[in-house]
*Asks:* 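One structure coming up, written as structure tokens, with questions to follow.
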Amino acid sequence: MEFLFRGKKIHYKSFGEGKPIVLLNGIMMSTNSWAPFIDSFSADNRLILLDFLDQGLSDRMTEPYTQDLQAEVLAALLTHLDLEKASIVGISYGGEVALKFAIAYPDMVDRLLLFNTTARTSEWLRDIGRGWNLIGESGNGEAYYNVTIPVIYSSGFYQREIAWMKRREKQLVPLFSDAAWQAAMKRLVDSAESHDCVKDLGKISAPTLIVTCTEDTLVPRVEQDVLAKEIKNSSYVSIIGSGHASMYEKPLLFSTLVLGFVNSRRTEFKI
């Protein structure tokens with residue numbers, strides 16, 4: 001399915017009925033990345049998946065932009081679907097867009113869930129992104145894979161699931177070698193360079209779940225500590241032994257946290 005946003009085609013998918021949940025992609029993901037979760041997430045909820053601009057089957061940009069534009073895409077999608085509000089689940093890049101959306105459109109957020117998310121692009125993360133872009137310019141898909149993918153996972157998971165990782169390598173290297181994909185990826189990376197919403201976190205009013213992972217080297221816990229401190233109505237959870245791609249390393253726990261938090265009848269309990 002698709003709709004038009006400022007002349008660009010935006011791809012999305014919708015499954016099931018009930019309380020809406022929108023899953024927002026990490027930077028290298030697409031709607032297809034969520035395939036293992038569709039059955040569980042759409043059993044009692046309406047699951048909505050979205051490709052941001054420069055991702056998946058959505059149209060490509062040509063000029064630079066910031067993540068604020070992706071937040072506007074999300075707002076346009078909810079309007080297109082006639083949804084007054086939805087629970088927004090973002091991981092990594094998707095979590096950064098979710099923060100901007102929750103700040104700009106607080107009345108459209110039922111509950112906010114942030115996995116492996118930072119409120120600002122630190123010098124550490126900025127330089128990592130610039131390194132990715134430099135490798136991408138080489139056109140060497142294998143080199144790009146080796147620089148970007150292993151650090152997304154914990155070393156334990158990577159080694160235990162090496163057969164799965166090798167299958168992913170065969171799938172991803174041709175994609176990473178594609179010049180058009182790399183150009184889109186560079187724009188996505190660049191769109192996060194100026195990300196810094198720390199001073200606006202206090203504007204977030206929705207019940208919020210913040211999830212950090214002990215083996216996440218891209219977005220270490222200190223970044224989620226900022227979110228937990230500044231977002232007043234928040235709960236904070238740490239996943240032991242997982243790296244940055246928590247939905248793949250700990251899929252059952254990821255699903256349990258999302259569905260439990262979204263579908264709890266209450267967000268406040270009198271004990």
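For reference, positions follow the sequence shown, starting with 1.
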*Asks:* With a 4.5 Å heavy-atom cut-off, do Ser246 and Ile91 have their side chains touching?
*Replies:* yes
*Asks:* Given His80 and Tyr12, is the ring-ring contact (aromatic ring centres under 6.0 Å, His included) satisfied, shown in steps?
*Replies:* CA-CA 11 Å; His80 172 73; Tyr12 72 95; 5.7 Å; yes
*Asks:* Between Phe3 and Val73, what is the shortest heavy-atom contact and its length?
*Replies:* CZ-O, 3.9 Å
*Asks:* Keeping Thr148 on the side-chain end and Tyr144 on the backbone end, is there a donor-acceptor pair under 3.5 Å?
*Replies:* yes
*Asks:* Can you list the steps and then say if Trp132 with Met185 is a side chain to side chain contact (heavy atoms under 4.5 Å, CB included)?
*Replies:* CA-CA 9 Å; Trp132 288 8; Met185 184 65 187; 4.0 Å; yes
*Asks:* Are Met1 and Trp34 co-members of a hydrophobic cluster defined by side-chain heavy atoms under 4.5 Å apart?
*Replies:* yes
*Asks:* Determine whether the side chains of Arg111 and Thr267 contain a donor N or O and an acceptor N or O closer than 3.5 Å.
*Replies:* no
*Asks:* Looking at Ser138 and Gly136, would you say the former's side chain and the latter's main chain have a donor-acceptor pair under 3.5 Å?
*Replies:* no
*Asks:* Is Thr214 close to Ile239 at the side-chain level, that is, under 4.5 Å between some pair of heavy atoms?
*Replies:* no
*Asks:* Taking Glu249 for its side chain and Gly243 for its backbone only, find out whether a donor-acceptor pair lies under 3.5 Å.
*Replies:* yes
*Asks:* Indicate whether any N or O donor in one side chain lies under 3.5 Å from an N or O acceptor in the other, for His244 and Ser92.
*Replies:* yes
*Asks:* If you draw a 6.0 Å radius around CG in Asp127, do more than 12 non-hydrogen atoms from other residues or ligands fall strictly inside?
*Replies:* yes
*Asks:* Could you tell me whether Glu268 atom CD has more than 12 heavy atoms of other residues or ligands within 6.0 Å of it?
*Replies:* no
*Asks:* If we ignore hydrogens and angles and just use 3.5 Å, is the side chain of Gln224 paired with the main-chain N or O of Val211 as donor and acceptor?
*Replies:* no
*Asks:* Is there a donor-acceptor pair under 3.5 Å between the side chain of Asn25 and the backbone N or O of Leu50?
*Replies:* yes
*Asks:* First locate atom CD1 of Ile152, then atom CD1 of Ile149, and finally report the distance between them rounded to the nearest 0.5 Å.
*Replies:* 4.0 Å
*Asks:* Under the criterion salt bridge (charged side-chain N to carboxylate O under 4.0 Å, His left out), I'd like the reasoning laid out for Asp190 against Arg187: C-alpha separation, chi angles, the key distance, then a yes or no.
*Replies:* CA-CA 5 Å; Asp190 290 346; Arg187 288 189 294 270; over 6 Å; no
*Asks:* Drop me the distance from Asp51's CG to Ser33's OG, to the nearest 0.5 angstrom.
*Replies:* 8.5 Å
*Asks:* So, Glu96 side chain and Ala119 main chain: donor-acceptor pair closer than 3.5 Å or not?
*Replies:* no
*Asks:* Closest heavy-atom contact between Val109 and Ala102?
*Replies:* CG2-CA, 3.9 Å
*Asks:* With side chain to side chain contact (heavy atoms under 4.5 Å, CB included) as the criterion, how do Met28 and Leu172 come out once you've worked through the C-alpha distance, each side chain's angles and the decisive distance to 0.1 Å?
*Replies:* CA-CA 10 Å; Met28 291 187 187; Leu172 292 175; over 6 Å; no
*Asks:* Check Ser154 against Ser242 and note the closest heavy-atom contact, atom names and distance.
*Replies:* CB-C, 4.2 Å
*Asks:* Identify the two heavy atoms, one from Ala76 and one from Phe5, that lie closest to each other, and give their separation to 0.1 Å.
*Replies:* CB-CD1, 3.7 Å
*Asks:* Grouping I, L, V, M, F, W and Y whenever their side-chain heavy atoms are under 4.5 Å apart, do Val219 and Ile240 come out in a common cluster?
*Replies:* no
*Asks:* Give me each pair satisfying ring pair (Phe, Tyr, Trp, His ring centres under 6.0 Å) with a member in residues 42-76, each pair once, sequence neighbours excluded.
*Replies:* Phe52-Tyr93
*Asks:* Are Leu69 and Arg6 close enough, and set up right, to give a side chain to side chain contact (heavy atoms under 4.5 Å, CB included), and what steps lead you there?
*Replies:* CA-CA 11 Å; Leu69 183 64; Arg6 302 181 187 179; 3.4 Å; yes
*Asks:* Tell me whether Leu188 shares a hydrophobic cluster with Leu57, the cluster being built from Ile, Leu, Val, Met, Phe, Trp, Tyr side chains joined at under 4.5 Å.
*Replies:* no
*Asks:* If only atom types and distance count, is the side chain of Arg60 paired as donor or acceptor with the main-chain N or O of Leu53 below 3.5 Å?
*Replies:* no
*Asks:* With a 4.5 Å cut-off on side-chain heavy atoms, are His11 and Thr31 touching?
*Replies:* yes
*Asks:* Working to the nearest 0.5 angstrom, can you tell me the gap between Ile210 CD1 and Ser238 OG?
*Replies:* 12.5 Å
*Asks:* Rounded to the nearest 0.5 Å, how far does CG of Asp54 lie from OG of Ser191?
*Replies:* 8.0 Å
*Asks:* Under 3.5 Å, is there a donor-acceptor pair between the side chain of His195 and the main chain of Lys100?
*Replies:* no
*Asks:* Taking side chain as C-beta onward, heavy atoms only, is Glu215 less than 4.5 Å from Ser155?
*Replies:* no
*Asks:* Under a 4.5 Å side-chain heavy-atom rule over Ile, Leu, Val, Met, Phe, Trp and Tyr, are Tyr153 and Ile162 clustered together?
*Replies:* yes
*Asks:* Give the cluster check for Leu4 versus Ile10: same hydrophobic cluster or not, with ILVMFWY residues linked at side-chain heavy-atom distances below 4.5 Å.
*Replies:* no
*Asks:* Calculate, to the nearest 0.5 Å, the distance between atoms CG and NZ belonging to Leu78 and Lys85 respectively.
*Replies:* 11.5 Å
*Asks:* Check whether any side-chain heavy atom of Tyr248 lies under 4.5 Å from a side-chain heavy atom of Trp164, and answer yes or no.
*Replies:* yes
*Asks:* Check whether any side-chain heavy atom of Asp110 sits under 4.5 Å from a side-chain heavy atom of Lys19, and report yes or no.
*Replies:* yes
*Asks:* Would you confirm whether Ser234, through its side chain, and Ile231, through its main-chain N or O, come within 3.5 Å as a donor-acceptor pair?
*Replies:* yes
*Asks:* Using 0.5 Å steps for rounding, measure from the OG atom of Ser177 to the OH atom of Tyr145.
*Replies:* 13.0 Å
*Asks:* Is any side-chain heavy atom of Lys8 closer than 4.5 Å to one of Ser58?
*Replies:* no
*Asks:* Decide, yes or no, whether a salt bridge links Asp225 with Arg221 under the criterion of side-chain N to carboxylate O below 4.0 Å.
*Replies:* yes
*Asks:* Run the numbers on Arg130 and Glu193 for salt bridge (charged side-chain N to carboxylate O under 4.0 Å, His left out), then give the verdict.
*Replies:* CA-CA 9 Å; Arg130 289 174 178 175; Glu193 275 225 356; 2.8 Å; yes
*Asks:* Between Phe37 and Ser255, is a side chain to side chain contact (heavy atoms under 4.5 Å, CB included) present by the stated rule, with each step listed?
*Replies:* CA-CA 8 Å; Phe37 300 93; Ser255 301; 3.4 Å; yes
*Asks:* Give me the atom names and distance for the closest heavy-atom approach of Phe261 to Pro207.
*Replies:* CE2-O, 3.6 Å
*Asks:* Side chains of Leu74 and Ile88, heavy atoms from C-beta outward: is any pair under 4.5 Å?
*Replies:* yes
*Asks:* Taking only residues two or more places apart in sequence or in another chain, which ones pass side-chain contact (heavy atoms from CB on, under 4.5 Å) with Ser122?
*Replies:* Arg120, Trp124, Leu125, Glu223
*Asks:* Looking at every heavy atom in both Cys197 and Ile103, which two are closest together, and how far apart are they?
*Replies:* CB-CD1, 3.8 Å
*Asks:* Once salt bridge (charged side-chain N to carboxylate O under 4.0 Å, His left out) is applied, do any residues pair with Glu2, and if so which ones, sequence neighbours excluded?
*Replies:* none
*Asks:* Going by atom types only, do Asn263 and Asn45 share a side-chain donor-acceptor pair under 3.5 Å?
*Replies:* yes
